[in-house]
Amino acid sequence: MGRVLIIGAGGVATVAAHKVCQNKRVFTEIMIASRTLSKCDALADLLNKKYDMQVRTARVDADSVEELVSLLSSYKPDIVVNLALPYQDLTIMEACLRTGCNYLDTANYEPRDVAHFEYSWQWAFRERFERAGLCAILGCGFDPGVTSVFTAYAAKHHFDELRYLDIVDCNAGNHHKAFATNFNPEINIREITQKGLYWENSEYIETEPMEIHKPLTYPDIGLRESYLLHHEEIESLVINFPTIKRARFWMTFGQQYLTYLDVIQNIGMSRIDEVTYTAPKADGTGTETVRIVPLQFLKAVLPNPQDLGQNYDGQTSIGCRIRGLRDGAEHTYYVYNNCSHQAAYGETGMQGVSYTTGVPAMIGAKLLLEGKWSKPGVHNVEEFDPDPFMSELNEQGLPWHELHDIDLEL
């Protein structure tokens with residue numbers, strides 16, 4: 001039915017590629033491309049043997065519009081699934097426009113030189129995608145992604161008016177490392193160390209990093225301390241569901257993680273600006289000036305998130321806790337998914353955080369190729385019918401559960 005190009009060869013891309021191969025009735029031709037061709041080739045070899053596929057590979061620098069245009073013009077994909085870095089969203093979107101390709105990603109754009117993210121840069125492409133008759137689907141991971149679909153599903157089926165939304169993300173797994181991040185360390189630390197931000201009474205309220213926190217109870221897990229963060233899906237959800245009076249995002253962190261993070265910040269290793277130092281030359285003939293970005297150097301020495309899966313136990317629990325009106329009465333609703341790290345590794349060789357992002361990316365691409373989620377322009381996932389996506393979650397390995405009229409703790 002369709003030709004897909006996956007850009008990226010990390011943990012999320014690996015999961016998405018597995019799921020694409022499991023749905024080869026829809027994805028009839030597959031290519032994986034990234035800056036490191038050897039990673040693409042290794043993944044393709046695994047997939048070809050496991051699923052009896054003919055996955056192709058290519059090398060591409062996703063920072064280069066010209067290289068992307070050349071690849072897309074040659075391969076002519078029906079959809080580009082961007083699972084590269086958030087820095088590269090705009091170059092990939094530009095290349096899609098120049099070559100007539102639909103687009104999907106899992107995280108919004110971030111400039112390299114500022115630890116800041118928002119949708120405005122990508123929403124600016126809206127009219128160009130509309131005129132080209134192309135569809136761009138933004139934020140189709142889990143959060144953002146599934147949580148936004150959960151919200152749309154609640155609005156469609158359970159509420160006349162959404163009032164209060166809390167997105168809650170708990171990772172109760174244990175990777176048995178002193179300190180490691182579950183996805184790209186550079187992106188992870190940049191995002192978590194930003195100031196908190198939430199929506200209330202038609203305005204954004206900023207907090208200090210990790211300033212607001214409280215224990216919340218997660219299904220089959222129990223109490224976990226949860227911290228209010230700035231997260232991108234809030235930005236689009238309060239626009240698409242304007243009756244929301246307050247929207248917040250919460251994530252759990254263990255004390256050991258927070259202690260290491262505090263040290264990293266205090267010693268300057270979370271800096272994203274370039275620093276210089278004098279180092280001895282390798283040949284012993286003197287010294288030379290070396291330039292590094294501390295956070296990028298830290299990324300190089302931390303465990304690779306792709307390598308965490310084998311010994312990762314426990315589970316994630318991510319969902320939406322919603323309060324609103326139905327037939328004039330107030331009701332509460334909690335919709336969530338729990339994902340086992342061990343089950344994710346058994347299926348794809350990756351841990352649960354990669355799994356919960358990669359599966360929804362495949363589902364969004366599948367729905368676009370099937371014509372169920374396809375309209376010209378740039379759209380966040382909650383702008384589409386949530387029902388086919390919710391059905392696919394149950395079929396593709398991320399079953400969801402509902403609780404009605406309970407104490408939301410928030």
Side-chain angles (χ1 to χ4, degrees), residues 1-85 87-89 91-107 134-137 140-141 184 304 306 347-350 354-355 357-371 373-374 392 396-397:
M1 184 180 292
R3 180 179 295 176
V4 60
L5 170 64
I6 297 173
I7 299 181
V12 174
T14 296
V15 172
H18 274 271
K19 303 307 285 193
V20 162
C21 290
Q22 292 172 21
N23 289 268
K24 52 188 172 183
R25 180 190 63 82
V26 174
F27 300 99
T28 52
E29 295 185 53
I30 307 164
M31 176 180 279
I32 301 168
S34 79
R35 193 190 305 266
T36 307
L37 182 59
S38 59
K39 292 178 66 174
C40 302
D41 289 341
L43 178 54
D45 287 345
L46 185 156
L47 297 169
N48 290 336
K49 292 173 184 176
K50 183 172 183 177
Y51 300 104
D52 190 25
M53 299 290 292
Q54 291 186 329
V55 178
R56 298 166 61 185
T57 63
R59 186 202 174 278
V60 70
D61 179 357
D63 289 321
S64 168
V65 174
E66 297 309 317
E67 282 196 27
L68 289 162
V69 167
S70 177
L71 175 62
L72 270 57
S73 297
S74 172
Y75 182 59
K76 296 181 171 57
D78 296 295
I79 184 169
V80 173
V81 178
N82 170 16
L83 302 177
L85 296 174
Y87 312 140
Q88 297 159 336
D89 289 358
T91 55
I92 298 174
M93 292 180 76
E94 179 65 34
C96 285
L97 279 168
R98 294 191 191 181
T99 56
C101 299
N102 297 298
Y103 170 90
L104 179 144
D105 67 30
T106 61
L134 298 171
C135 180
I137 300 175
C140 197
N184 184 293
N304 185 337
Q306 284 182 260
E347 181 184 347
T348 66
M350 295 294 126
S354 294
Y355 191 88
T357 306
V359 174
M362 182 282 296
I363 292 174
K366 181 175 185 286
L367 294 179
L368 185 146
L369 292 176
E370 292 175 331
W373 270 26
S374 184
E392 288 284 344
Q396 303 292 344

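This one's a predicted model, so the numbers in the text were calculated from it and none came from an experiment. Just so you know, these numbers use all the heavy atoms, side chains as well, and skip hydrogens, waters and symmetry mates.
When atom types are taken as modelled, the side chain of Thr57 and the backbone of Ala33 share no donor-acceptor pair closer than 3.5 angstrom. No donor-acceptor pair closer than 3.5 Å links the side chain of Lys49 to the backbone N or O of Leu46. Distance alone, capped at 3.5 Å, is enough to place a donor-acceptor pair between the Thr91 side chain and the Ala62 backbone. Judged purely by atom type and a 3.5 angstrom limit, Tyr355 has no side-chain atom pairing as donor or acceptor with the backbone of Gly11. Checking side-chain atoms of Thr36 against main-chain N and O of Lys39 turns up no donor-acceptor pair under 3.5 Å.
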Test log, rule side chain to side chain contact (heavy atoms under 4.5 Å, CB included), inputs Cys21 and Val55: CA-CA 9 Å; Cys21 290; Val55 178; 4.1 Å; yes
Side chain to side chain contact (heavy atoms under 4.5 Å, CB included) between His18 and Met362, worked out: CA-CA 9 Å; His18 274 271; Met362 182 282 296; over 6 Å; no
Derivation and outcome, side chain to side chain contact (heavy atoms under 4.5 Å, CB included), residues Gln88 and Ile7: CA-CA 10 Å; Gln88 297 159 336; Ile7 299 181; 5.8 Å; no
Worked verdict on Cys135 versus Leu368 for side chain to side chain contact (heavy atoms under 4.5 Å, CB included): CA-CA 8 Å; Cys135 180; Leu368 185 146; 3.9 Å; yes
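If you run side chain to side chain contact (heavy atoms under 4.5 Å, CB included) between Pro77 and each of Asn102, Val4, Leu72, only Leu72 comes through. Just one of Leu85, Asp63, Val60 meets the side chain to side chain contact (heavy atoms under 4.5 Å, CB included) condition when paired with Arg35; it is Asp63.
Taking 4.5 Å as the limit, some side-chain heavy atom of Asn82 sits within range of a side-chain heavy atom of Asp89. Looking at Thr106 and Pro360, their side chains never come closer than 4.5 Å, going by heavy atoms from C-beta outward.
In this structure, Lys50 does not pair ionically with Glu347, as no charged nitrogen and carboxylate oxygen lie closer than 4.0 Å. Between Asp78 and Arg3 no salt bridge is recorded (no basic side-chain N to carboxylate O distance below 4.0 Å).
Shown here for Tyr103 and Met93, the closest heavy-atom pair between the two residues is CZ-CG, 3.5 Å. For the residue pair Asp52 and Lys24, the shortest heavy atom distance occurs at O-NZ, 4.1 Å.
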